[in-house]
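Worksheet: the structure to be examined is printed underneath.
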2 protein chains.
Amino acid sequence: MPKPDKREEILCSALHLIAEHGFHGAPMAMIAERAGVGAGTIYRYFENKDVLINEMYKELEKRLTAYLLEGYAVEQPLRDRFLHLSTAVLRYCITNPIHFKYLEQFHNSPYGVAHRRDKFLGKSVQRDLYCELFEQGVTQGTIKNLPMVVLCSLAFGPLIFIARDHILGFVTLDDKLINNIISACWDSLKS
Amino acid sequence: MPKPDKREEILCSALHLIAEHGFHGAPMAMIAERAGVGAGTIYRYFENKDVLINEMYKELEKRLTAYLLEGYAVEQPLRDRFLHLSTAVLRYCITNPIHFKYLEQFHNSPYGVAHRRDKFLGKSVQRDLYCELFEQGVTQGTIKNLPMVVLCSLAFGPLIFIARDHILGFVTLDDKLINNIISACWDSLKS
DNA sequence: TCCTCCGGAATGAACGTTCATTCAGTATTA
DNA sequence: TAATACTGAATGAACGTTCATTCCGGAGGA
C-alpha cells in the first residue's frame, strides 16, 4: 500500500535540491536520500526525472495561483486589482524563495520553453488574470495601447528582477518599498 | 605555430551550441566537432569547460559594452542618455539573439551568480553606466528616489523580458514599438 | 635543391566518474 | 500466505578530461 505522503516527501526533497543546486546538481540518488526513500522508490511515483520536474512545476503554479486569487475581486477598480495582483506576486516570491528559485530554474531551461510553447504564448492562469486586466484597461483608455506581451513585460519584468535581488540579499524589500515599486510599474502602464 | 583563429572557432562553436542547447546540452565533443578540431585541442586553448564558458562570457560583455558606448555622450540630457542606452541594449539583444541567449543562460546559472557576487552587487560596465545616470537623476530630482537595484530592475526587467519574447517569436519589435517600450520604462523611473 | 631531423600543435581513443534507471531480492501489509 | 511496496546494488550510457601518438613545417647539412 503506497503511503501517499512518500510522494510529498520526494517532491519536497526535489524542490529544495533543485532550487538550490539546479537540475543537474540534484541527482536522483540525492533526491531519494533527502526524502528518506530508496532510489528505486521514486520510480513508483514518477515515470522518470522529467515527469518529476514537471509535476513539481504544476504543483507550484497551482499554489501561486491560489495565492493570487486570495481576496481578488473582479469588481474592484482596475488599478486596485493591479496593485493586488502585483503585490501578491512579489510577496509570494520573497516569502517562498525556494519556490521562486525553482520556478526561475524551470523557466530558464528547455522545460520552460517547451512549456511556454505548449501553452501558446506562455498563457498561464497568472498571466491570464493580468491579460484580462490589461484588455479592460486598454479598452477604457486607462492603460497604454501596447501589445499584450509588452504590457506583461512591463508588469512582470521589474517584479521578477527585484525579487531575485531581494533573495540574493542585494536589497531588502519592506512594505513601503514594495508599494513604491508597484506604483512605479503602474506608471509605466498607465496612459 | 598555433593558428589563433582556432581559438575563435572553438569559442564560436561553443557560443552557438550553448545558446541553443544549454551548458549541459553542449558536450565538449560536440563543441570540438562543430569547430572542426579534435576534442583534445580545446584543452590547448582553455584549461577546462568552466574556463571556456567564462572566457566566452567576457568576450560577449566586451562587445555589448562597446555597442552601448557607440555615440554615447555624457554631456547629453539625462533622458536622452537613458533612451540611448536602453535602445542600444534592446537593439543589441534582438539583432544578436545568439549572444542574448548565451548571456541569459550564463546569468541564470551558478556561473552567473558567482559572477555577480564577485563583482559585488553585479556591477558590470553596463550597469555602471546606468548607475551613474540614476545617481545624477535622483540628485537633481528627475528620477524617483529609490534604491539603485530597484531602479535597475525597473529599467532592465522589461527590456530583457520583451527581448526574450521577441526572440521566441511571441512579438515583433519595430522601431516605433521599441520607442514606446523605452518611453514606458522612463515613465516608471521619472518622479 | 633535396633530404633529414625536430619541436610542438593537433588528434581521438581510452579512462574514470557520474548519473538515471532497472531489477532481483526483502519487508510490510491484508 | 499472497500481494504489493520498497530497497539499493548493479547497469550502461554519457560526459569531461588525459595522453600516447601522429602530423606539419621550418632549420640545417650536403
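Quick note: numbers below take in every heavy atom, side chains included, and nothing from hydrogens, waters or symmetry partners. Here the structure is a predicted model, which means the values were calculated and not measured. Lettering follows sequence order; numbering is per chain, from 1.
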Starting from [atom2] on [N], measure out to [atom1] on [X] and report it in whole angstrom.
X       : N      : atom1 : atom2 : answer
B:Glu33 : D:dC15 : CD    : C1'   : 15 Å
B:Glu47 : D:dG16 : CD    : C1'   : 13 Å
B:Ile10 : C:dA9  : CD1   : P     : 13 Å
B:Ile18 : D:dC15 : CD1   : P     : 13 Å

Geometric class of the B:Phe106/B:Tyr102 ring pair [parallel <30°, tilted 30-60°, perpendicular >60°]: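 The rings of B:Tyr102 and B:Phe106 lie parallel, inter-plane angle below 30°.
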Presence of salt bridge, A:Glu55 and A:Arg7, under 4.0 angstrom: yes
A:Lys190 bridged to B:Asp187 by N-O distance under 4.0 Å: no
Taking N or O atoms only and anything under 3.5 Å, show me the protein contacts with nucleotides 11-13 of chain C, one pair per line.
from, atom 1, to, atom 2, distance (Å)
C:dT11, OP2, B:Gly38, N, 2.8
C:dT11, OP2, B:Thr41, OG1, 2.4
C:dG12, N7, B:Gly40, N, 3.1

Side-chain ([X]) to main-chain ([Y]) donor-acceptor, under 3.5 angstrom:
X       : Y       : result
A:Ser13 : A:Arg34 : no
A:Asn96 : A:Ile98 : no
B:Ser86 : B:Leu83 : no

Face-on cation placement of A:Arg164 at A:Phe161 ring, 6.0 Å and 45° thresholds: yes
Stepwise ring pair (Phe, Tyr, Trp, His ring centres under 6.0 Å) check, B:Phe100 with B:Tyr92: CA-CA 8 Å; B:Phe100 177 76; B:Tyr92 185 87; 9.5 Å; no
For nucleotides 17-20 of chain C, list the nitrogen or oxygen atoms of the protein found under 3.5 Å from its nitrogen or oxygen atoms, one pair per line.
from, atom 1, to, atom 2, distance (Å)
C:dA20, OP1, A:Lys49, NZ, 2.3
C:dA20, OP2, A:Met28, N, 2.5

